[in-house]
Amino acid sequence: MRHLMNPLDFSVEELDRLLDLANDIEKNPEKYAHSCSGKKLATLFYEPSTRTRLSFEAAMLNLGGSVLGFSSADSSSAAKGESVADTIRVISCYADICAMRHPKEGAPLIASMKSRIPVINAGDGGHQHPTQTLTDLLTIRSLKGRLGNFTIGLCGDLKFGRTVHSLIQALIRYPNVSFVLISPEELRIPDNIRDDVLRRNHQQFKEVVRLEDALPELDLLYMTRVQRERFFNEEDYVRMKDFYILDKEKLKLAGPDMMILHPLPRVNEISVEVDDDPRAAYFKQAQYGVYVRMALILTLLGLEGNIC
Ligand code: CP
């Protein structure tokens with residue numbers, strides 16, 4: 001039995017197969033319409049979500065399976081003090097696979113240790129968000145035609161943004177990826193990512209504060225919101241929240257093929273006037289999230305080889 005806690009839980013070859021499967025699902029959805037018939041997905045969300053929870057549920061329904069779960073800690077017995085370890089033991093009796101989001105780093109890992117079903121980390125605190133990374137990789141590979149040989153700018157809250165932490169770890173395994181880390185001083189990438197991931201792997205990277213300085217050299221721009229829920233006080237959040245706003249005027253500095261990604265939700269960091277720009281790929285990215293989660297469910301349930 002396999003779980004997914006971290007994007008590195010899959011080798012590059014396994015990831016290639018998963019992304020190939022996702023592309024096939026996109027092209028031939030009817031082939032997969034009954035492949036999870038009789039299987040149940042539990043979504044255990046202790047933190048708010050729109051895309052991750054609902055795309056997991058759409059993925060399982062598209063595969064002919066069923067879904068159950070809760071969308072907030074308050075509506076589960078966590079509100080009465082039940083531990084994650086006890087909850088997953090019980091959920092193992094009700095479902096075949098589960099996706100868990102939790103505000104505490106490592107909570108899905110604890111669950112995986114007590115589980116009798118595959119557990120997928122659907123985001124744990126400011127730590128990791130591996131299925132967002134699978135979504136990002138599928139989007140880049142499908143729309144750019146390659147993983148590697150590009151310069152990517154990661155912009156916004158690089159301190160608390162778990163999608164950025166997971167994506168950097170995944171991308172360093174591909175050739176010739178150069179990172180431009182764009183953040184205010186207070187929201188710089190954590191030391192463990194800078195030192196243990198980027199420096200240790202001799203990765204090309206630089207840190208800048210001004211988005212305008214980075215835009216001309218980027219093949220991809222990955223915008224992120226300031227993570228209000230991880231701040232200790234509202235005053236700091238208010239000071240930081242509009243530090244970056246990508247608008248049409250700033251986009252004039254970027255190349256004609258620069259792809260704009262965002263894991264969403266967006267707050268103010270991308271002006272809505274950018275949505276119609278052909279370089280904006282963030283809503284397509286959300287659609288790719290369904291295909292890749294379908295591929296992931298099939299893979300973790302060991303059903304990917306049964307499709308004719
Ligand atoms: N990208 C993402 O994780 O969105 P949600 O918080 O809406 O799930």
Side-chain angles (χ1 to χ4, degrees), residues 4-7 22 41-62 67 69-76 97-108 119-140 142-143 152 154-171 220-231 237 241 244 246 259-270 272 274-275 280-297:
L4 178 68
M5 294 296 121
N6 182 304
L41 165 77
T43 51
L44 313 181
F45 276 60
Y46 295 82
E47 246 194 2
S49 166
T50 296
R51 268 146 301 275
T52 311
R53 186 172 68 83
L54 297 181
S55 65
F56 260 118
E57 295 192 358
M60 192 48 147
L61 294 173
N62 289 347
V67 296
F70 53 81
S71 58
S72 73
D74 288 348
S75 63
S76 78
I97 185 165
C98 104
M100 176 183 286
R101 171 169 290 187
H102 203 287
K104 286 205 181 119
E105 297 188 4
V119 177
I120 301 165
N121 178 2
D124 61 331
H127 186 220
Q128 295 280 347
H129 194 345
T131 64
Q132 181 63 48
T133 299
L134 298 181
T135 302
D136 302 338
L137 296 179
L138 180 65
T139 308
I140 295 169
S142 301
L143 300 182
I152 181 168
L154 300 147
C155 178
D157 184 350
L158 307 189
K159 180 177 180 183
F160 296 118
R162 59 193 172 198
T163 61
V164 167
H165 305 160
S166 288
L167 185 57
I168 290 174
Q169 291 198 358
L171 283 178
L220 294 140
L221 173 63
Y222 193 93
M223 293 295 291
T224 61
R225 77 186 162 92
V226 175
Q227 306 270 307
R228 180 182 205 158
E229 63 275 30
R230 315 266 176 244
F231 274 73
Y237 167 73
K241 73 182 172 71
Y244 298 110
L246 182 67
M259 186 192 291
I260 308 162
L261 298 172
H262 191 311
L264 305 177
R266 164 208 14 215
V267 187
N268 287 329
E269 59 281 356
I270 301 180
V272 289
V274 173
D275 295 355
Y282 31 94
F283 290 114
K284 285 185 201 151
Q285 193 180 353
Q287 175 66 61
Y288 280 117
V290 178
Y291 306 134
V292 90
R293 290 183 174 100
M294 289 171 75
L296 179 65
I297 290 168

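Counting starts at 1 for both ligands and their atoms, in listed order.
Remark: T50 pairs with L54 by the side-chain contact (heavy atoms from CB on, under 4.5 Å) rule, at least two apart or across chains. Scanning for side-chain contact (heavy atoms from CB on, under 4.5 Å) contacts around S71 gives R53, with sequence neighbours left out. Annotation: side-chain contact (heavy atoms from CB on, under 4.5 Å) contacts of N62 (sequence neighbours excluded): V290, M294.
Side-chain contact annotation: R101 with H129, donor-acceptor N/O pair under 3.5 Å present. For the residue pair Q132/S166, the side-chain donor-acceptor check at 3.5 Å is not satisfied.
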List below, pair by pair, the N or O atoms of ligand 1 and of the protein that are less than 3.5 Å apart, including the distance to 0.1 Å; reply 'none' if no pair qualifies.
from     : atom 1 : to   : atom 2 : distance (Å)
ligand 1 : 1 (N)  : Q132 : OE1    : 3.1
ligand 1 : 1 (N)  : P263 : O      : 2.9
ligand 1 : 1 (N)  : L264 : O      : 2.9
ligand 1 : 3 (O)  : T52  : OG1    : 3.0
ligand 1 : 3 (O)  : R101 : NH2    : 3.0
ligand 1 : 3 (O)  : H129 : NE2    : 2.8
ligand 1 : 4 (O)  : R51  : NE     : 3.0
ligand 1 : 4 (O)  : L264 : O      : 3.3
ligand 1 : 6 (O)  : R101 : NH1    : 2.9
ligand 1 : 7 (O)  : T50  : N      : 2.8
ligand 1 : 7 (O)  : R51  : N      : 3.0
ligand 1 : 7 (O)  : R51  : NE     : 3.4
ligand 1 : 7 (O)  : R51  : NH2    : 2.9
ligand 1 : 8 (O)  : S49  : OG     : 2.6
ligand 1 : 8 (O)  : T52  : N      : 2.9
ligand 1 : 8 (O)  : T52  : OG1    : 2.7
ligand 1 : 8 (O)  : R101 : NH1    : 3.4
ligand 1 : 8 (O)  : R101 : NH2    : 3.3

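For the pair R293 (side chain) and F56 (backbone), a donor-acceptor distance under 3.5 Å is absent.
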